[in-house]
**Q** 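Below: one structure in structure tokens.
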Amino acid sequence: MENTTMEAPARHWNTLQRVILPSQSQMDTVPLYMDTGSATGVQLPTVGGGRTDKPAQTVSGPNKEVHVEDFLSRYSTSVRPGERVSFGTYFNAFPASYWRRWTTVDNVRLSVKTSGSGAVIVYKSNARGALQRVDSVRVDGDATSTFDLTLKPFGDGGWYWFDLVAGSSTVVLQEAQWQAEGDAATPGSITLEITTLNKTDFCINNLRLLAENPQALAHVKELILVDQGTEKVAEAEGFAEVAQALAGKLRIINQDNLGGSGGFARGMYEAVENGSDYALLMDDDVVVEPESIIRLLTFADLCKTPTIVGGHMFDLYNRTVLHTFGEIVNPYTFQPDLPSEEMTLGHDFLGSNLRQTGWLHRRTDVDYNGWWMCMIPTKIIREIGLSLPVFIKWDDAEYGLRAKAAGYPTVSLPGAAVWHVSWIDKDDLVGWQAYFHARNRFIAALIHSPYEYGGKVVRQSYAFDVKHLVSMQYATARGRNMALRDLLKGPAQLHSLLPGKLPEIRSMMSEYSDSQFSPDPDTYPAPKMDKPPKHGHGVRPPSYLGLLPWAAKTVVRQLSVPVADSSLERPQANVAHQDNRWWRMSQYDSAVVSNAEGTGASWYKRDPKKLREMMAESARLHAMLLKDWQKLSSQYKAALTDITSIASWEKTFAAHSEKSEH
């Protein structure tokens, strides 16, 4: 009998995440990719389980100088003799707890290909950020080092990463990958959709960036640009060149301005129609890290159940600053909130890297992901519908809550991100957007609030109105009252309001001086107070204990005390935007106030008659809303399936779009 030996089948390793590096023109983002500092982790007490405010331990010194020439490619870098770099960074550490919680992956392999003499050292962290050394290996010449790693310890949080240490000569990282064993599966297909309104430069730049990174588009079936503006991207300089570079994947859809919800709903619709597995929604005023597209797709394909997977948002003009690491909706206030008390908004990785920042190591579970970059399986779209027809605001949050109620989670995935114009120079709670903030928050609360009368949402909304009114922001208050009137009419009109509501709001606001801006500060008379400030200092905020009586006294004064004649002729003060607080503005009869963008200012003028009428109207509308809450909630819940259906949106698209192919 002949003896035979059967060879074991070769193990196949699928790439989950590649180590990437910034281009040489993006050196301001290096701390997000590679850390040349010496911090090794969060310093935690050894007993008691408490936290400490002490900084991370250091082992050698400050951050090393970055040398542009050391970055050899998107995947390769050199480490100078005697130096050490860490890939325990936002884009290159492996978010092990997310893979353990949401995917079918149980074990990973780190493969590091190097040349030269040095060492590879592997670390992991726990949910509190404590560093633990896992393994290390000496390398010499051309070498490929592999480390088989389990995901079992990462139930609540934690990352894997590696450091590279050079010996007496330069060591080069050729490439590194985080891999998982499995069959060679075909990745899902994506429809990547960008909604734009007169941001042609941003769009052309993003299209060019995507064209320059064909690997990111390998599984993109279509790249759809929904153009809702008057300055058409297809007519912009450079469009023909970039369209040709995209090799037939780009399609332009021109439609009326149906807002973000109309644009993103169009992307969902087209993804379903063309048979894609996912709709990837992106804002127009972003710069995308192209590798993020690959990472979102890889993660989503391996999720245990169909899952919405989104990327984070960094500040476009301060590129190491992370806007938020994840968001939930507070069910009682029904406002966006942070999932953890430790989390901070606007975290700057230049000041505190991943290894130093404990809260970044705890897994963050979210209710929704902003649609600056969010990938939605078309299976979910077919089941729960498209976006609410709400123009802007709350469309992404409501969709995440709707998916969650249907059993489909959302994951904000570390290592996938865009750089987006931040909110620092915006104040969308004042002006035309206030209508949409007020109405859409109530719509989402009527559908999803677990509280009988929406928790705190009604009384908080009335308090917002009072603050706007005593601040002389009458246009904003009028817009919020319009929102409540439309809300009380029920959900049937939402689609019909999409194209015409914004022009109506803008027309209304043109009647109020607080929304009439001038870019020239000399437009307005020089400010003058009839009386000097008391004791030589200006308005101070009320104490917490005295807030309610102080506010009541302020409202009574504004309603009863006549406006000084002098304040009609000249403002009493110039107020910078950051000082535009309700308790300060309520003490003036008139003031010139700068806008958030710093491009102009408007003259706020106190008007007791407007205040009386609008405050009474607000009180009446909020009382009606509270009285009819349960009836309205039933109406909006019953209408949800229809107003978000493919059939309803199809009618809206047909009435307001003209499709053209490029």
Side-chain angles (χ1 to χ4, degrees), residues 17-42 55-56 58 61-68 70-71 74-75 77 79 83-95 125 129 131 159 161-164 202 205-206 209 282-283 285-292 295 310-327 338 340 342-362 364 369-370 372-373 412-426:
Q17 179 177 307
R18 297 182 293 186
V19 166
I20 56 174
L21 296 161
S23 66
Q24 293 193 353
S25 63
Q26 305 294 328
M27 289 295 101
D28 56 334
T29 66
V30 167
L32 304 180
Y33 296 85
M34 190 178 76
D35 184 6
T36 59
S38 55
T40 57
V42 175
T58 58
N63 287 355
K64 303 292 191 299
E65 182 181 353
V66 173
H67 300 278
V68 175
D70 289 346
F71 295 86
R74 277 280 279 168
Y75 311 107
T77 188
V79 183
E83 293 192 356
R84 173 180 186 146
V85 299
S86 176
F87 296 94
T89 57
Y90 175 83
F91 279 120
N92 285 322
F94 184 76
S125 65
L131 175 149
W159 303 64
W161 68 89
F162 70 95
D163 288 7
L164 194 57
F202 272 108
N205 288 338
N206 269 316
L209 181 61
M282 278 183 18
D283 267 339
D285 51 350
V286 303
V287 172
V288 63
E289 164 52 74
E291 192 76 9
S292 301
R295 293 182 178 184
H312 292 129
M313 177 193 130
F314 282 87
D315 187 341
L316 182 61
Y317 300 122
N318 193 0
R319 294 199 176 191
T320 56
V321 174
L322 178 67
H323 173 66
T324 177
F325 201 59
E327 294 176 289
L338 300 180
S340 165
E342 297 175 323
M343 186 180 294
T344 59
L345 288 171
H347 176 74
D348 192 346
F349 283 91
L350 186 60
S352 180
N353 62 31
L354 174 65
R355 294 175 296 162
Q356 290 175 302
T357 312
W359 61 264
L360 286 168
H361 294 257
R362 179 177 178 175
T364 297
N369 195 96
W372 47 73
M373 185 180 203
S412 291
L413 181 65
V418 297
W419 288 270
H420 188 288
V421 176
S422 76
W423 324 135
I424 293 175
D425 290 332
K426 297 180 180 180

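The analysis underlying the following values was restricted to heavy atoms, covering all of them including side chains, and did not include hydrogens, waters or symmetry mates. No experiment lies behind these values; they were computed from the predicted model shown.
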**Q** Might you confirm whether atom CZ of Arg362 has over 12 heavy atoms from other residues, nucleotides or ligands at distances under 6.0 Å?
**A** no
**Q** Between Phe71 and Tyr33, does the ring centroid distance fall short of 6.0 Å?
**A** no
**Q** Please report the interatomic distance CD1(Ile20) to CZ(Arg295), rounded to the nearest 0.5 Å.
**A** 4.0 Å
**Q** Decide yes or no for Val288 and Met282: does some side-chain heavy atom of the first lie under 4.5 Å from some side-chain heavy atom of the second?
**A** yes
**Q** Below 30° counts as parallel, above 60° as perpendicular, anything between as tilted: where do the rings of Trp419 and Phe91 land?
**A** tilted
**Q** For the residue pair Pro290 and Arg74, what are the closest heavy atoms and their distance?
**A** CD-NH2, 4.2 Å
**Q** To the closest 0.5 Å, what do you measure between CD (Glu327) and OG1 (Thr364)?
**A** 11.0 Å
**Q** How long is the gap from OG1 on Thr77 to CG on Leu21, to the nearest 0.5 Å?
**A** 5.5 Å
**Q** Write down the atom of Gly351, the atom of Gln356, and the distance for their closest heavy-atom approach.
**A** O-OE1, 4.1 Å
**Q** Is any side-chain heavy atom of Tyr90 less than 4.5 Å from a side-chain heavy atom of Thr29?
**A** no
**Q** Determine whether the aromatic ring centres of residues Phe314 and His312 are separated by less than 6.0 angstrom.
**A** no
**Q** Does the side chain of Val287 come within less than 4.5 Å of Asn205's, by heavy atoms?
**A** no
**Q** Which value, rounded to the nearest 0.5 Å, describes the distance between Arg84 atom CZ and Leu164 atom CG?
**A** 10.0 Å
**Q** Taking all atoms of both residues into account, what is the closest heavy-atom pair of Gln17 and Pro95, and its distance?
**A** OE1-CD, 3.6 Å
**Q** Strictly by modelled atom types, are His323 and Asp315 linked by a side-chain donor-acceptor pair under 3.5 Å?
**A** no
**Q** Are the side chains of Leu338 and Trp359 in contact, using a 4.5 Å heavy-atom criterion?
**A** no
**Q** Report the distance from atom CE of Met373 to atom CD of Glu289, rounding to the nearest 0.5 Å.
**A** 9.0 Å
**Q** Please tell me whether Ser412 and Asn369 have a donor and an acceptor in their side chains that are separated by less than 3.5 angstrom.
**A** yes
**Q** Of all the heavy-atom pairs spanning Asn92 and Arg18, show the shortest one and how long it is.
**A** OD1-O, 3.9 Å
**Q** Return the minimal non-hydrogen interatomic distance between Arg355 and Gly88, and the atom names on each side.
**A** CG-O, 3.8 Å
**Q** Roughly how far, to the nearest 0.5 Å, is the CG atom of Asn353 from the OG1 atom of Thr89?
**A** 9.0 Å
**Q** Shortest non-hydrogen contact from Ala417 to Ser292?
**A** N-OG, 2.9 Å
**Q** Run the numbers on Val421 and Tyr317 for side-chain contact (heavy atoms from CB on, under 4.5 Å), then give the verdict.
**A** CA-CA 7 Å; Val421 176; Tyr317 300 122; 4.1 Å; yes
**Q** Under the side chain to side chain contact (heavy atoms under 4.5 Å, CB included) test against Val79, which residue among Thr36, Val85, Asp70 passes?
**A** Val85
**Q** Do Thr357 and Phe325 have side chains that get closer than 4.5 Å, going by heavy atoms?
**A** no
**Q** Can you name the one residue among Trp159, Tyr75, Phe162 that meets ring-ring contact (aromatic ring centres under 6.0 Å, His included) with Phe87?
**A** Phe162
**Q** Is the backbone of Gly311 close enough, under 3.5 Å, to the side chain of Trp372 for a donor and an acceptor to pair up by distance?
**A** yes
